[in-house]
Student: 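To start, I am sharing the structure in question, which I have written as structure tokens.
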Protein chains: 2
Amino acid sequence: MPKLGAEPIRRAALVKATIETVGEAGSLEVTVAQIARRAGMSSALAHHYFGSKEQIFLAAMRSILTLYGAEVRGALSTATTAESRLRAIVSGSFAPGSFRRETISAWLNFYVLAQTLPEAHRLLRVYQRRLRSNLRHELRPLVGARAEAVARGLGALIDGVYIRAALADGAPDRAYALKIVTEYLDRELEVRG
Amino acid sequence: MPKLGAEPIRRAALVKATIETVGEAGSLEVTVAQIARRAGMSSALAHHYFGSKEQIFLAAMRSILTLYGAEVRGALSTATTAESRLRAIVSGSFAPGSFRRETISAWLNFYVLAQTLPEAHRLLRVYQRRLRSNLRHELRPLVGARAEAVARGLGALIDGVYIRAALADGAPDRAYALKIVTEYLDRELEVRG
DNA sequence: GTTTTTGTTGATTGACGAGTCAATAAACTT
DNA sequence: AAGTTTATTGACTCGTCAATCAACAAAAAC
């Protein structure tokens, strides 16, 4: 029953299934067969399109990072002032598309993958650098020389809130996560003297 | 060559080897044989003392959390005022005994383990609750009603700084990690009006 | 000095899983 | 209609690894 032009559809289905499977299992120790079954195909086909399990994981990770980037860009698109752009980056980081149970769990696992797989490591570094650079850029006019430090702190705090959400039971509380990070930002933006 | 009273020595050696092996591999996908070899014994003996790989991991995780707790308590022992105690908890969190490359990497992996293993989950929750409760207690006289929120923020930030250190290349920079968290604390402790 | 307890391992079992391959089938090409 | 390309899978290979077991060794107990 070969429909032509199946490749992109199959690849997308596998990426989606990978995130779901890893997220649900809470572990990278999932089999290609499990992923393939969830994506509605044989494991042989998964290997046919991706070549190896490693490549499947990398594609899934790229997908997560791409989605994340898109959500931040989306949030940024309506913001004009430095402060509103800053807040857009933060709230974009917790957009409902990314801040989901399985996505967070998959994210955590990909973090671990980056310890082993150089390409995964590279991907994560690119994301981190871009985030920090964006934050720094908007922070400069607001906190001057402290921009670098605040950008790093914000980045770390976002990661921390993420992984804590991975461990919490029940659905991740978006408003609550946002509140923690926003309050940090508020403190830093307060005029002091 | 059976030396008597070997059990506690063997167990300790296995726990140490587990942390090192997981830390170096950057993954939980290490074999019992690898761990046992590093600890200088056969894999059969590792199974003899721990029963299963799962139990070995749990013992290693308990060890990490115990060490962490001890370092925080140690730092606390010399502090008297609320603020100095608060700072002791923070700097204790980055004590050189805990804030090591392999320990951090192992920590991250155990975080993942907590997604799968209920007992690991429980252990992590106990640690988180205790940390938050300690922080809240010292924060109360300093920031009043904000104590709860600040305690949560600090906890998340510490975790975030930890996992970022796991990804950084080179030795983890203790002073730098401490600086990020300390500055957060400084902002929160500033008198505002 | 024999029995029991504690320590220890090599060899084996049994399961599982990544990746390959040969075969089949439907579409497109000429 | 014959040939080519794309899609698809069941069956198989080969390696790996957790866990078990039988056997051996030394100390303790009796």
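All figures in this text were calculated on a predicted structure; none of them were measured in a lab. Below, chains carry the letters A, B, ... as their sequence lines are ordered, and counting in each starts from 1. Just the heavy atoms: all of them, side chains too, but no hydrogens, waters or symmetry mates, feed the values below.
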Student: Would you find a donor on one side and an acceptor on the other, under 3.5 Å apart, between the side chain of A:Ser105 and the backbone of A:Gly23?
Tutor: yes
Student: Between B:Val181 and B:Leu157, which heavy-atom pair has the shortest distance, and what is it?
Tutor: CA-CD2, 3.9 Å
Student: Can you confirm whether more than 12 heavy atoms, excluding those of A:Arg130, are under 6.0 Å from its CZ atom?
Tutor: no
Student: Which pair of non-hydrogen atoms, one from B:Leu167 and one from A:His121, has the smallest distance, and what is that distance?
Tutor: O-NE2, 3.1 Å
Student: What residues from residues 38-59 of chain A pass a heavy-atom cutoff of under 4.0 Å to DNA chain C?
Tutor: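 Only A:Ala44, A:His47, A:Ser52, A:Lys53 qualify.
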Student: Heavy atoms within less than 4.0 Å of DNA chain D: which residues of residues 8-34 of chain B have one? Give them sorted by number.
Tutor: B:Val30, B:Thr31, B:Val32
Student: Going from CG on B:Leu139 to CZ on B:Arg85, what distance comes out if it is rounded to the nearest 0.5 angstrom?
Tutor: 12.0 Å
Student: Has the side chain of A:Gln115 got a donor or acceptor atom that lies under 3.5 Å from a matching backbone atom of B:Ala166?
Tutor: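 At least one qualifying donor-acceptor pair exists.
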Student: Roughly, in whole Å, what's the span from CD in B:Glu7 to P in D:dA27?
Tutor: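 In whole Å, D:dA27 P and B:Glu7 CD are 18 Å from each other.
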Student: Identify whether A:Leu45 and A:Phe50 are in the same connected component of the hydrophobic contact network (ILVMFWY, side-chain heavy atoms under 4.5 Å).
Tutor: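 Both belong to a single hydrophobic cluster.
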Student: Please list, chain by chain and in numerical order, all residues satisfying side-chain contact (heavy atoms from CB on, under 4.5 Å) with A:Ala120, sequence neighbours excluded.
Tutor: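 Only A:Leu58, A:Met61, A:Leu113, A:Ala114, A:Leu117 meet the side-chain contact (heavy atoms from CB on, under 4.5 Å) criterion with A:Ala120.
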